[in-house]
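See below for the structure under consideration.
Per chain, numbering begins at 1; letters A, B, ... match sequence-line order. Everything numeric in this text was worked out from a predicted model, so none of it was measured.
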Amino acid sequence: MQLNLKNLLKRFDINFTLLILAITVIGLINVYSATYNSEQDSLSRTFIAQSIWLLAGWLIFLVMSFIDYKFLQKIAMPFWLLNIVMLVLIFFKGKKIYGATRWLDLGFFNYQPSETAKIAIILLLATHLQKKDALQGLGFKDLITPFLFAIPPFLLIVKQPDLGTGMMLLAITVSMVLFMKIKKGPLITAIAAVVIALPVAWSFALKPYQKERVMTFLDPSRDPRGSGYNSIQSKIAVGSGESFGKGFLKGTQAQFDFLPERHTDFIFSVLSEEHGFTGAILLLFLFLVLFVLCLRIASNARDKFGTLLVIGFSSYIFWHMFVNVGMVIGLLPIVGVPLPLVSYGGTGMLSIMFGLGVISSVSYRRYLF
Amino acid sequence: MSLHIRTPEDEVKSFQDRYKFIYLTIGLTFLLFTARLWYLQIYKGSEFRYYSEKNVVKFQKLMAPRGRFLDRNGFTLVDNHPGFEATITPQFVEDLDKTAEKLSNLLNLSKTEIISKVKTSARREGRYRPVRIKENLNRDEVARVERIRLDYPGVDINMFIKRTYSQGEIGAQLLGYTGEISKQQLPKLNKGLPKKDRFRQGDILGRNGLEKTFDKELRGEDGLDLVQVDARGRIAMIQEQDILSSLPRKQDPVPGNNIVLTIDKDLQSAAAEAMAAKDYIGAMIAIDPNNGEILTWVNEPSFDPNNFSTGISKELWSKLTNDPFKPLRNKVVQDHYPPGSTFKAIVALAALEEKVIKPSTKIFCPGHIRFGRKVYHCWRRGGHGEVNLTQAIEQSCNVYFYKLGSQLGIDTMAKYAKALGIGQKTGIQVENEISGLMPTEKWKEDNFGEPWQPGENLSNAIGQGFVLTTPIQLVLAYSGIGMEGPIYKPHIIKKILSPEEEVIYEAEKEVLHDPSDEEKAEVHISSSSYKTVKMGLYKVANGEKGTAKWYKIPNIKFAGKTGTVQNFSLSSDQVYEKCEERPKKQRHHGWFVAYAPYDKPKIAVAILAEHACAGSKAAPVVRDLMWAYFKKYHPEMLEEKKENTNLSSLE
């Protein structure tokens, strides 16, 4: 392909890119506020780290945009296998932080294989499902392979233990499979199987402490130190923002240590408190536009592989946003899931920028009418 | 229907019908989120704003009462008592200078100290954390602070629970002490702990001794309550709770388990008093030889663990750590010393078993012995004349044991000493136990790269060479001799009780070594050898020439052995004739290890008195403790008039 600037700009999805830029800048501003300390002159280390991750993320985004996504088919399987190895390796060489072993110490940063496992499953499912007929829908046999791909990383992640990330992995898998459409018969059978399997798993497969965890999931007041308290403080923070917020760096809930994990899982409550309904709705609107753009890219893709990649990564971002915002505003129980592009976190930021880069690449190679 | 080849474009189009579902899902989600945000921020916004500015919900930790320590008879040794403290919370202070000035007047403190305390804590522990200004307020002070509290935001009175040690300094090294966890210590403590076991800033932690070893048993589980506090952090009246209807339930604290120790509080006092009366430095331990229960455990000098409960001052801490006699050390297990002449009983057992001598074998002691190019002295210049084994033990004749040592050799002596537990950890559940040392030829070769010298057999045979023992090892070895075989594993925990008084754990007696057991023991010691040595030990306390004959308990005869440890090497012509005239640090250590009654012991005691000059000087302290024991537990034995002591049991 001949590269000239005019062609490049014509094909490169500027709107999409500017949208991501806007969301990441909002994220950075809020990480700054969440880690701000009035008695300290220098920038917080967390803020500096996040800025570096963001720059690295943009680099990955641009690189991925200009590479033809076709090559991802070839690396899907090896990448998935490598990821499994990493997840297994954690049990031997993993770094334990607060009782859960989720990180591998790579010297310069702590790598979290459960984050890249989401990428691996998207690549592998897209590679596999593109061969299936999308008009007819998937039969019963066709359902086996996708779940064979998903179950090993799921089990390894749940064992860490990190039930939240494991559930995200399943949500992505189910979304992609449903997008392929399932024939009526298998669909009903599958739903029936889940309905029957749940109580059986509940009474036999789960250990008491796991049951306790699920119960807490359903009823946060069972664990008042953790979820219940956070939920109330988060609601107060969001609500007290009113229409226009208390102003940048002026959120009392966030600034006086009432809100825990405010630069990661509760970043949206910092935004809502300081910038009010206006700020919160603006961010949600940007996300809404982002999803609409993604869906348009999916429907205009060059091939099925491209469509499936876009659907996979979009569902990744959507489910994270859904669970995170839902928990911050008190609609869902407290689960440790970050808000994409906004929350602090290295591996998560790089993974999402990679995904968006792939979507951008699909857009670059779309049909132009 | 005709087959046609679908282009990739067609295939992509085949997904068309899905998108409307996706748009619907996303649309509904955003509608829901917007509605919820509108409800929280616009509809209920002012209410939440009020909460965030005027009232906030904060956790109040309901501290679990830490488990108590009880003595063997249920007397409370360590307990928790409530007290009041004045605090300042930096976050809420409006004018630190004025606040500090007011408090310094009310509580008689220095103003600059208050300011520096508050500033340091705000920097290190966080501004929201209350800083303790003065603890143990009396009623008057509480009332005074209470009056000004509302005018000086940030000032508060807190109730806290103070760990109280009823016995003060007595047994302090055994019980240990507690302290609060600071912010800096948290990450290290919590490393690798599951979430529910994690510590929080301000938690009380056992720092030393049994408080530390059994911290998990004692700690219990803190409870929680959510309280509404006003913007100054003061607890406010609970108002209507409509928007906080999902307020979590209160969690009651679960108290820690209580630990019943084997020690006796009265014997502890008797031991400490007896040592204090002589101004002795060192360690004393008493056990029941019949089951290994530790009855007494004291170290001198000591410290008051109550001073640690609310945070120890820098001055006191440096005084304790710089004291040359080391009040913080648990010398019973943490320090080892040469056993001196107390080792002779063990060498005697070895010599009898190895048939080097018969009980009747006599050796002439001229006061010294020449070996190689060196002269080895007996402690008595003129010598003991002709003595047999029991007489040699009675009078602690060095020459007799020099001969035994040179005939046995170190490896044989080590074999028997190890069978009695010398040079090994006893495995007591008290931290920092050291193993002491029982040398062998190979040990010297390995550690010094030099062969064992025959002359060293002589010095080690009288416990002056490389041999090192802890007080707990010696008391066990002697309890084994007194019992003619079994040495029970020493233990300090008798029972662990749940807050509901259920028994969670109960110690059982367990044999540690038993050389009398012909089948199981690797090194066997026969009953006749034990009896001969016991006769010697009997004479030490009761014979005409016994080194501890001056100390008696009415109607109960005890047996034991003195030991003197040359702590400072002196030239042969002895710079100072009298030990007492030397500076304290240069005086000899004295051992006395004994059991009573001499035939069927009920108590065994070891004391190491540092710089007491001689083992015989330590004997009265042991006598006093034994006397106290019989007064409390077997008063009938003190009254019984025995016409003749029945020595036949030892013959």
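Around NZ of B/Lys212, the count of heavy atoms belonging to other residues, nucleotides or ligands within 6.0 Å does not exceed 12. Shown here is B/Glu221, whose CD atom has no more than 12 heavy atoms of other residues, nucleotides or ligands within 6.0 Å. Other residues, nucleotides and ligands contribute over 12 non-hydrogen atoms within 6.0 Å of the OH atom of B/Tyr23.
Heavy-atom proximity under 4.5 angstrom to chain B picks out A/Phe277, A/Ala280, A/Ile281, A/Leu284 from residues 277-286 of chain A.
B/Glu47 contributes atom CD, which lies 12.5 Å from atom OG of A/Ser240 (distance to the nearest 0.5 angstrom). Considering OG of A/Ser234 and CG of B/Leu40, their distance stands at 9.0 Å, rounded to 0.5 Å. Separating the SG atom in A/Cys294 from the CD1 atom in B/Ile26 is a distance of 8.5 Å, to the nearest 0.5 Å.
Looking only at distances, no side-chain donor or acceptor of B/Arg36 sits under 3.5 Å from a matching main-chain atom of A/Leu331.
Contact of A/Phe268 with chain B is made through the side chain alone, with heavy-atom distances under 4.5 Å. Heavy-atom distances place no part of A/Ser175 under 4.5 Å from chain B, backbone and side chain included.
Here A/Phe179 pairs with B/Phe15, B/Tyr19 under the ring-ring contact (aromatic ring centres under 6.0 Å, His included) rule; sequence neighbours left out. Under the side-chain contact (heavy atoms from CB on, under 4.5 Å) criterion, A/Ala126 pairs with A/Met176, A/Phe305, A/Leu308, A/Leu309, sequence neighbours left out. Remark: A/Phe291 engages A/Phe318 in a ring-ring contact (aromatic ring centres under 6.0 Å, His included) (not counting sequence neighbours).
Between A/Ile236 and B/Phe48, the closest heavy-atom pair is CA-CD2, 3.5 Å.
The choice from A/Val292, A/Leu295, A/Thr307, A/Val238 that makes the most heavy-atom pairs within less than 4.5 Å of chain B is A/Leu295.
Within the 4.5 Å cutoff, side-chain heavy atoms of B/Asp17 are placed close to those of A/Lys181.
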